[in-house]
2 protein chains.
Amino acid sequence: MMSNNLQFDRAIGMPARAGEILFLRGEPCEHLFEVRRGVARAVATSYEGDRQVLAFFFPGDVFGLPLADEHRFSAEAVTDIIHTKYSSTGWQAQLAQTCQQEKSILNAVWQEEKAFIARGLVLGRVTALARLSAFLIALTHRLPSPEGLCALELPQTDIASYLATSPETVCRNLRHLRELKVIAMPRRDRFAVLHPGRLEMLAEGIHN
Amino acid sequence: MMSNNLQFDRAIGMPARAGEILFLRGEPCEHLFEVRRGVARAVATSYEGDRQVLAFFFPGDVFGLPLADEHRFSAEAVTDIIHTKYSSTGWQAQLAQTCQQEKSILNAVWQEEKAFIARGLVLGRVTALARLSAFLIALTHRLPSPEGLCALELPQTDIASYLATSPETVCRNLRHLRELKVIAMPRRDRFAVLHPGRLEMLAEGIHN
DNA sequence: CGACTATTTGAAGGGACTCAAGGCGTGTGG
DNA sequence: CCACACGCCTTGAGTCCCTTCAAATAGTCG
């Protein structure tokens, strides 16, 4: 389920360090990327230098699809990552051959689009607590949670940038969720959802 | 430039009344839609009934692409519209034949994805005034503006739902922009940008 | 160990949501 | 033609959340 069956299984995993730039907005679409390990982010930067994190990409996610000639957002490694680069021309050739029988290619396109739709849905919530709750729920649906513990290997500054809020508010609301016993964070980079139903209600803006 | 060259030029324009549902989330992707006249919207509804407008589609826009088996959002007419329906199977067949030579199909995919990215970028702004300003700028870039007058045929409730704010705030900020002489609204459903540079600064959160 | 970054906490101020009510426009029926 | 109803836009007042600024602490890397 994590795999997208792009039939590039022999491709080599390449490492990148945390913070490393994978591609910049405006560069030609020559490769598409699949995350093997770690987390990557799509970033948009305004002329004034304000940064927004548009999406996070986790293991199995494919991004940088050559839908246009140029990449429309920049991509960077959040953590140290292992990723795979595929030639866009090869991708297009395969697209032509298999898109009728196989749904996997269209699925890759859909997965990328879904990531951006998801951010809009999260940002549409009224309060920062609702946005954070919705984000944590999305994480639990996307990431494996061995023993109920989900990885949160994202700097709070990135989470804040993704949720269109300030790092202070992210920190305060995480503490608030811990105090409500809705989540637990045994370590800084791990969290467990203790009360899923309550978390969903908070995501809907219902304070109970 | 408005046209996407999908080679369905003989397709018939069909009318729909304002508010009419074009398709619902979860329905199978059997058709894709092109707006000929008027405005359509992509809508997501939560279980509690909260509605979010995810995107607006203007003449020339194609949406409802069969990236997955089911539509992932609902679509409705905002105004009375003229639209065209294309068979998804035909779309996929054409995709297989032409995606290597022609970029138009991938472009249609990109245009839809761009609409969702755009909403995220707008919602990432800090204040409601910045979000509204960014939205108006996007409208001027997307819509024709004969004599500098751009159509604003959207109910303020829809604009509010798109910008994740309240109708009252939309109204107040429109008035604020008029008082600043940054925009003019000779009619309720028309606006002209009097001071583009100032509007862009407001969109960036710079109050001058 | 020291420099740097990320996280945490506090205080103050402002913006936006909510509730409420009034005005405007349109369409319908008497 | 007018009265009325309905929906949408507009405006006001109060409350609360969040941003911002500031500072202290914790964590990380050399």
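Letters A, B, ... are given to chains in the order of the sequence lines, protein chains preceding strands, and every chain is numbered from 1.
Straight-line distance from the CZ atom of B/R131 to the P atom of D/dT19: 10 Å, rounded to whole Å. Separating the CG atom of B/D189 from the C1' atom of C/dC24 is a distance of 15 Å, rounded to the nearest angstrom. Atom-to-atom, CG of A/L163 to P of D/dT19 comes out at 10 Å; the value is rounded to the nearest Å. One atom, CZ of B/R125, and another, C1' of D/dT19, lie 18 Å apart when rounded to the nearest Å. When rounded to the nearest whole Å, the span between CD1 of A/I159 and P of C/dA6 equals 13 Å. Rounding to whole angstrom units, NE2 of residue A/H176 and P of D/dC18 are separated by 10 Å. B/E153 has its CD atom 17 Å from the C1' atom of D/dC9, to the nearest Å. Distance, A/R175 CZ to D/dC18 P: 13 Å, rounded to whole Å.
Remark: B/T165 is in phosphate contact with C/dC17, judged by side-chain N or O atoms under 4.0 Å from OP1 or OP2. For A/T169, a side-chain nitrogen or oxygen approaches OP1 or OP2 of D/dT19 to under 4.0 Å. Proximity of B/S166 to the phosphate of C/dA16: no side-chain N or O atom is located under 4.0 Å from OP1 or OP2. The phosphate of C/dG25 (OP1 or OP2) has no side-chain N or O of B/R188 nearer than 4.0 angstrom.
Annotation: cation-pi geometry satisfied between B/R119 and B/Y162 (NZ/CZ under 6.0 angstrom from ring centroid, within 45° of ring axis).
Counting any heavy atom pair closer than 4.0 Å across all strands shown, A/P167 reaches no nucleic acid atom. Within the nucleic acid shown, B/R172 comes within 4.0 Å of at least one base atom, counting heavy atoms only.
Closest-nucleotide positions on DNA chain C for B/N173 and B/E168 were compared, and the one nearer the 5' end corresponds to B/N173. Between A/T127 and B/P155, the residue anchored closer to the 5' end of DNA chain D is B/P155, taking for each the nucleotide with the nearest heavy atom.
Partner of B/F33 under the ring pair (Phe, Tyr, Trp, His ring centres under 6.0 Å) criterion, chosen from B/Y86, B/F57, B/F63: B/F63.
Among the nucleotides D/dC18, D/dC9, C/dA16, the one closest to any side-chain atom of B/C171 is D/dC9. Distances were taken from every side-chain heavy atom of A/V126 (C-beta onward) to each of C/dC17, D/dT11, D/dT10; the shortest belongs to C/dC17.
Of the charged side-chain nitrogens involved, none lies within less than 4.0 Å of a carboxylate oxygen, so that B/E30 and B/K85 do not count as a salt-bridged pair.
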A/R175 and A/E179: CA distance, side-chain angles, deciding distance, salt bridge (Lys or Arg N to Asp or Glu O under 4.0 Å) verdict: CA-CA 6 Å; A/R175 175 161 57 95; A/E179 290 170 353; 3.5 Å; yes
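For A/Q156 and A/R188, the side-chain atoms include no donor-acceptor pair closer than 3.5 Å.
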